[in-house]
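A note on names: the letters A, B, ... follow the listed sequences, proteins ahead of strands, and every chain is numbered from 1.
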There are 2 protein chains.
Amino acid sequence: MVKKSFSNMACSLARALGIIGEWWSMLIVRDFFLGNGVRRFEQLRDSLGISRNILTERLKTLTEAGVIERVPLREGGKRCAYKLTDQGVDLMPTMVAMMQWGEKWQSEPKQRLVVVREKATGDEIAPLCLRNQGGEPLSMRDLYLTAVGPHGEQVVKEWPPDWITDSDQLPASTLKH
Amino acid sequence: MVKKSFSNMACSLARALGIIGEWWSMLIVRDFFLGNGVRRFEQLRDSLGISRNILTERLKTLTEAGVIERVPLREGGKRCAYKLTDQGVDLMPTMVAMMQWGEKWQSEPKQRLVVVREKATGDEIAPLCLRNQGGEPLSMRDLYLTAVGPHGEQVVKEWPPDWITDSDQLPASTLKH
DNA sequence: CAGAAAAGTTCTATGATGCAACTAATTTTG
DNA sequence: CAAAATTAGTTGCATCATAGAACTTTTCTG
C-alpha cells in the first residue's frame, strides 16, 4: 500500500517516494526494463525472490499509480502480463541515477546486473549530470536551491558554502538554532 | 536498519536501495540539501515530522553508509550536527531525477518544495536525460540494455520493441513462458 | 480428460514503524 | 549560580508491513 502520508505532501520528491519508495518497487521496475518492458507474475517472482502477496500488492500499487498496466493474454481471461506505461518508462533516469550512485559508492560486492549502452557505438552511457537549459553541465557550485514556502515566496539558499568541503567548522547559525 | 537482503545483491541498484530505499531516507537527504548540507536532530524532526526513534535509526544507517557524518559542536561534547559527505552530495542527481519524475507524473497536489536553479541565469535546471560519452542526449530508441549473467557474459536485450508503444499485442515469447 | 502451471488469496509469525513518555547532558535565563 | 528549557536521544507499547508457506481457482498442455 502506498504511504499515504507521503503521497499528499507538498513535495514532488515525497509524492514520487509514495509510489516508488516502497521496498521492491524500483527492483520490480528494473525487472520490467530487463524484460523489454513486459513481465508476468511468476517471472517477476522467480527473478526477484519476492513473496507472492507482496508482489501482488506492489503490482496493484504500481498499476493504480499508472506506472504499469495489465495486459490480458486472452480476452475475458483472468491471466495477464504487466507492462510499463510511458510513465513507467520515464523512470529510466531515476533508475540509472540510483544504479550509478550505487556503483560509485556502494560497490561491495563489485557486481552489477544492468548495463545501459548506446546502440550506435556500444559504449556505456555517460554518468548523469545536472545541466542548464542550454545543455551545459553544471557543478554544485553553479547551483542554488530555493525552498518554496507556505505563502508561495521562495527562500533562497546558497549552495554549497565553503565550509562544507573546506573544514569541519560550523557556522554560527548552526550553533544557535 | 539497512535491508540486508538488498545490500548484498549483485546489482548496484539494489545496493543503493539498501541505503536510500528506506522510508524517509531520501526525504532526510532532501532536508540536508535545503540546509546547505547540514542539519541537526531537532531541525530534521520538526521539518519532516518523523518520529525520534526512526530518525535516530535513519541517521545511524546513513552515517554507517557514509552518506552523512556527525560533526561535534563542542569538543568532547555529546551534541552534534550532521552533514552530507561527498557521497551524500552525490545523491543530488538521484534526488533531482525523482523530483522531476514526481512533478511530471504525480502532480496532485501541484506543489513542490525544492527548486534547483543555475546561479548564472536564475533559470531552473533542465530535465535530466541520458547521454552518450560525447554528451549527446539519447532517447529510449538509441539504447539497449545488457543483463550481466552469472558467468560474466552479457545477454543483450533490444529496447524498446515496437509493440510496447504501438499496440497491446504481446509477442509469442510472452505467451509461452 | 488428467495433470501441471499461473496468478493469485489467506494464514501466521516476525520485523518495522509511529507515538508517547522518560532521561541525561548541555545551554539559557533570572 | 540555580532553575528552567532545549537537545539528542532511549525505552516501551500498539499497529502496520513483510516473508513464507499452504491453499484456491483458472488456464494450458499432453
Practice task
Would you sort out whether B:Gln133 and A:Asp123 count as a side-chain hydrogen bond (donor to acceptor under 3.5 Å, both in side chains), showing the intermediate values?
Solution key: CA-CA 8 Å; B:Gln133 298 294 337; A:Asp123 288 342; over 6 Å; no
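- Between B:Arg70 and the phosphate of D:dG9, there is a side-chain N or O to OP1/OP2 separation shorter than 4.0 Å.
- The shortest distance between the side-chain N/O atoms of A:Tyr82 and the OP1/OP2 oxygens of C:dG8 is below 4.0 Å.
- Across the protein-nucleic acid pair, A:Glu42 atom CD and D:dT25 atom C1' stand 14 Å apart, rounded to whole Å.
- No N or O donor and acceptor, one from the side chain of B:Arg52 and one from the base of D:dT7, sit under 3.5 Å apart.
- Side chain of A:Arg45 to main chain of A:Arg52: no donor-acceptor pair is present (N/O by atom type, distance under 3.5 Å, no hydrogens or angles).
- Regarding B:Arg45, its CZ atom lies at a distance of 13 Å from the C1' atom of D:dT6, rounded to whole Å.
- One finds a side-chain N or O of A:Trp24 lying less than 4.0 angstrom from the OP1 or OP2 phosphate oxygen of D:dA19.
- There is a side-chain donor-acceptor pair under 3.5 Å between B:Gln106 and A:Gln87.
- In this model, the phosphate group of C:dT17 is approached by a side-chain N or O of B:Arg58 to a distance below 4.0 Å at OP1 or OP2.
- Atom-to-atom, CD of B:Glu22 to P of D:dT18 comes out at 12 Å; the value is rounded to the nearest Å.
- Each of C:dC19, C:dG8, D:dT18 was ranked by its minimum atom distance to the side chain of B:Ser51; first place goes to C:dC19.
- When distances run from any side-chain atom of B:Ile54 to the nucleotides C:dT17, C:dT9, D:dG9, the shortest one goes to C:dT17.
- When rounded to the nearest whole Å, the span between CG of B:Asp46 and C1' of D:dA8 equals 12 Å.
- Between the side chain of A:Arg79 and the base of C:dA5 there is at least one donor-acceptor pair of N/O atoms closer than 3.5 Å.
- When rounded to the nearest whole Å, the span between CG of A:Leu59 and C1' of D:dT18 equals 15 Å.
- At least one side-chain heavy atom of B:Leu113 sits less than 4.5 Å from a side-chain heavy atom of B:Leu34.
- Taking atom CZ of residue A:Phe6 and atom P of nucleotide C:dT17, one finds them 10 Å apart after rounding to whole Å.
- Residue B:Glu57 contributes atom CD, which lies 10 Å from atom P of C:dG18 at whole-angstrom precision.
- Contact of the A:Trp23 side chain with the B:Glu22 side chain is registered, since non-hydrogen atoms from C-beta on lie closer than 4.5 Å.
- In this structure, CG of B:Leu73 is placed 11 Å from C1' of D:dA8, rounded to the nearest angstrom.
- Side-chain atoms of A:Arg40 and base atoms of C:dA7 include no donor and acceptor less than 3.5 Å apart.
- For B:Asn53 against D:dG9, no side-chain N or O and base N or O form a donor-acceptor pair under 3.5 Å.
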